[in-house]
Amino acid sequence: MRSLLMIFAAIALANPPLVLAQQLRQREQAFMTAPPLIGETLPSVVVYSADGKPFDTASLRGHYTVLTFGCLTCPPSMWNIAGLEAVQRDYGPKGVKFYFIYKSLAHPELSGNYIQPFTIDERLKHAAQAKFQFGTAIPWLVDAMDNRLKRALGDRPNSQFIIDPDGKIVSKRAWSHPGLVRQELQAMVGATEQITRVEDLNLQLGQFVESAAPRGIYKRLIRSKMSALTIQPQMETNSLPFYAKLRAEADDELVQRGTGSLYLGFHIDPFHSAHWNNLIDPLSFMIESSDQVIIDKRDAVAEKVSAPSDTDPREFLVHVESWPADEPLQITVKYHACVGDACHAVQQSYVVHRERSVDGGGARGESAGLWEKSEFTQRLLAGDRNRDGAIAESEAVGIIAPHFSHIDKNNDGLLDQNELGALADWLNHHHQPAPPK
């Protein structure tokens, strides 16, 4: 048995893209076999309507309903919204209800430098921005801050469900797929007189939330291969908003063994229209822990910049040793922020746990690393089960499946290396941070 495990380990090291493709399939299979299953009743979960009122999913009875999870920074979500809008134009008049469900951000910092909200009011603003930015007619529901609906429905970033009039789940998939939704509704409800195409919609798309000051002033850190940690912002009654929000990340060694690198990034939230006040003392932080934990920077101060204001994150890398898994760190940050002409001296605190955040999302901002074309291509080609050097539609998984024909530019029924590379370019173009103001 030991020798067999060593062989599997050697294969994994020799071909990491193959392992990643297998992991993707395994995650999708696990989702399909996890509750709630097809035929079961949709769980009753209280979330929010777009205007902040409680919304119980148990009320989704009496008609067919299509539920699709998404957010402002999820690539497949952004890619498939227009296609679902087209299906809704045809099946809405036949009584089918459609909802997008706004959840935690999949890739913070992309597509507008958006970062995870800390309050339900902030998440409601995210959902309103999604409606404006994507030009949607389909209404948005907003998951609670504990992501209870996402948890109850399998905990996937862009999953999709069809509910029948009795409240039973009749379809579920790990990734949204407008084409299959149309096919399924045709079987359940009947054909429509017209088939609306995306190009027929003329969606009125909005712009990113604009940053309140220039970007590209403060040098970014490289932090590849790190995972978001669970943090708890210490909310105080009548306190100032978190104009800057902490994102804490750790490498695998720190998460697993308690010794490794800790990333602390304080990111300006564009929804608060704030910017750093660089005319006063720069941001500083302090880490508190037991004496057992060894930290090379228990306190630090950001570099002073000459520009009077900017909205770039203030980032630090800290080396930590002997951090017990059951002992969180306490981090206190001080900074000066302005909103319009009003400037504030801010002190805020966080509790940081040595555990991966299941809702933290993978930051893929410019410094965290966008999709590298050759790596991305090889990762997808690892799904080439018949080893012909291309991906057939039957081999397509994840976000490429709904758009196979669109990616297949030469219409040969295969996705080759050049076509997959063009997809990487497209993803990088649309999911990079918003340009400096």
Rounded distance (nearest 0.5 Å) linking atom OG1 of Thr311 with atom NE2 of His272: 14.0 Å
Could you tell me whether the side chain of Ser349 reaches within less than 4.5 Å of the side chain of Gln330, counting heavy atoms only? yes
Near Lys53 NZ, under 6.0 Å, is it more than 12 heavy atoms from other residues, nucleotides or ligands? no
Between Arg220 and Glu315, is there a salt bridge with N-O shorter than 4.0 Å? yes
Output all residues satisfying side-chain contact (heavy atoms from CB on, under 4.5 Å) with Glu249, sequence neighbours left out; order by chain, then residue number. Arg223, Met226, Arg247, Tyr263, Ala363
Verify side chain to side chain contact (heavy atoms under 4.5 Å, CB included) between Thr259 and His319, making sure each step is shown before the conclusion. CA-CA 8 Å; Thr259 295; His319 184 73; 4.3 Å; yes
Interatomic distance, NE2@His107 vs SG@Cys71, rounded to 0.5 Å, equals 8.0 Å
Between Tyr99 and Phe55, ring centroids under 6.0 Å: yes
Taking Asp155 first and then Lys150, would you say they form a salt bridge - that is, a charged N and a carboxylate O separated by under 4.0 Å? yes
I'd like to check the side-chain hydrogen bond (donor to acceptor under 3.5 Å, both in side chains) partners of Ser176; sequence neighbours left out, ordered by chain and number. Asn80, Asn158
Can you list the steps and then say if Ser289 with Glu327 is a side chain to side chain donor-acceptor pair (under 3.5 Å)? CA-CA 8 Å; Ser289 70; Glu327 181 183 318; 4.8 Å; no
How about Glu85 and Phe134: do any of their side-chain heavy atoms sit closer than 4.5 Å? no
Are Arg257 and Glu321 close enough for a salt bridge, meaning some N to O gap below 4.0 Å? no
Under the side chain to side chain donor-acceptor pair (under 3.5 Å) rule, what do Glu355 and Thr230 come out as? Steps first, then yes or no, please. CA-CA 6 Å; Glu355 63 180 24; Thr230 299; 3.3 Å; yes
Ring geometry between Phe69 and Phe161 (parallel below 30°, tilted from 30 to 60°, perpendicular above 60°): perpendicular
Would you confirm whether Asp312, through its side chain, and Tyr218, through its main-chain N or O, come within 3.5 Å as a donor-acceptor pair? yes
Which heavy atom in Pro36 sits nearest to a heavy atom in Ala152, and how many Å separate them? CD-O, 3.2 Å
For Gln232, does its backbone N or O pair with a side-chain atom of Gln234 as donor and acceptor, under 3.5 Å? yes
Short question: side chain of Tyr48, backbone of Leu141 - any donor-acceptor pair under 3.5 Å? no
Would Leu264 and Ile331 count as a side chain to side chain contact (heavy atoms under 4.5 Å, CB included) if you check the C-alpha gap in whole Å, the side-chain angles of each, and the deciding distance to 0.1 Å? CA-CA 10 Å; Leu264 301 175; Ile331 297 180; 3.6 Å; yes
Check for a donor-acceptor pair, side chain of Gln88 on one end and backbone N or O of Leu84 on the other, with a separation under 3.5 Å. no
Answer whether the closest heavy-atom distance between the side chains of Val189 and Val96 falls below 4.5 Å. yes
What one should report as the nearest heavy-atom pair of Asp251 and Leu254 is OD1-N, 2.9 Å
Please check if any side-chain donor atom of Glu28 sits under 3.5 Å from a side-chain acceptor atom of Trp175, or the reverse. yes
Indicate yes or no for a side-chain donor-acceptor contact from Asp359 to the backbone of Ser104 under 3.5 Å, with no hydrogens or angles considered. no
Quick one, Ser211 and Asn113 - any side-chain contact, counting heavy atoms below 4.5 Å? no
Between Ser44 and Ala58 the two heavy atoms that sit nearest each other are OG-CB, 3.6 Å
Salt bridge (charged side-chain N to carboxylate O under 4.0 Å, His left out) involving Asp56 - partner list, sequence neighbours excluded: none
How close do Ile268 and Ala274 get, counting heavy atoms only, and between which atoms? CG2-O, 3.3 Å
For the student: nearest non-hydrogen atoms of Gly83 and Pro178, plus distance: C-CB, 3.6 Å
Does the Tyr350 side chain pair with the main chain of Leu246, one donor and one acceptor, at a distance under 3.5 Å? yes
Ring-ring centroid check Phe316 Phe285, cutoff 6.0 Å: yes
Is there a side-chain contact between Val198 and Asp200, using heavy atoms and a 4.5 Å cut-off? no
For Arg356, which residues count as a salt bridge (charged side-chain N to carboxylate O under 4.0 Å, His left out) partner, sequence neighbours excluded? Asp252
Is the backbone of Gln160 close enough, under 3.5 Å, to the side chain of Arg173 for a donor and an acceptor to pair up by distance? no
Set out, in order, the CA-CA distance, both residues' side-chain angles and the distance that settles side chain to side chain contact (heavy atoms under 4.5 Å, CB included) for Tyr114 and Glu109, then state yes or no. CA-CA 5 Å; Tyr114 300 131; Glu109 302 171 44; over 6 Å; no
Distance-only, no hydrogens or angles: does the Arg354 side chain make a donor-acceptor pair with backbone N or O of Asp326 under 3.5 Å? no
Closer than 4.0 angstrom, basic N to acidic O: yes or no for Lys245 and Asp269? yes
Counting N and O atoms only, with roles assigned by atom type, does the side chain of Gln348 sit under 3.5 Å from a partner on the main chain of Pro233, one being a donor and the other an acceptor? no
Give a yes or no on whether a salt bridge exists between Asp281 and Lys304, defined as a side-chain N under 4.0 angstrom from a carboxylate O. no
Mutual orientation of the aromatic rings belonging to Trp140 and Phe100 [parallel < 30°, tilted 30-60°, perpendicular > 60°]: tilted
Minimum-distance pair of heavy atoms, taken over all atoms of Glu40 and Pro35: OE1-CB, 4.2 Å
In this structure, are over 12 heavy atoms from other groups packed under 6.0 Å from Glu199 atom CD? yes
Only counting residues at least two apart or in another chain, list the ones meeting ring pair (Phe, Tyr, Trp, His ring centres under 6.0 Å) with Phe132. none
Do Val318 and Ile295 make a side-chain contact, defined as non-hydrogen atoms from C-beta onward lying under 4.5 Å apart? yes
Going by salt bridge (charged side-chain N to carboxylate O under 4.0 Å, His left out), name the residues that satisfy it together with Arg314, two or more places apart in sequence or in a different chain. Asp310
May I ask you to check whether over 12 heavy atoms, not counting those of Ile280, lie within 6.0 Å of atom CD1? yes
Determine whether Thr196 and Asp90 satisfy the following criterion, side chain to side chain donor-acceptor pair (under 3.5 Å), listing intermediate values before the conclusion. CA-CA 7 Å; Thr196 302; Asp90 297 338; 2.5 Å; yes
Ignoring hydrogens and geometry, is there a side-chain-to-backbone donor-acceptor pair from Gln347 to Ala345 under 3.5 Å? no
Inspect the surroundings of NZ in Lys334 and state if more than 12 heavy atoms from other residues, nucleotides or ligands are less than 6.0 Å away. no
Do Asn277 and His344 have side chains that approach each other closer than 4.5 Å (heavy atoms only, starting at C-beta)? no
Assess the side chains of Lys131 and Thr136: does a donor N or O sit below 3.5 Å from an acceptor N or O? no
Only one of Asp166, Ile163, Asp164, Leu149 clears side chain to side chain contact (heavy atoms under 4.5 Å, CB included) with Leu42; which? Ile163
Taking the side chain as every heavy atom from C-beta outward, state whether Tyr243 and Val339 have any atom pair closer than 4.5 Å. yes
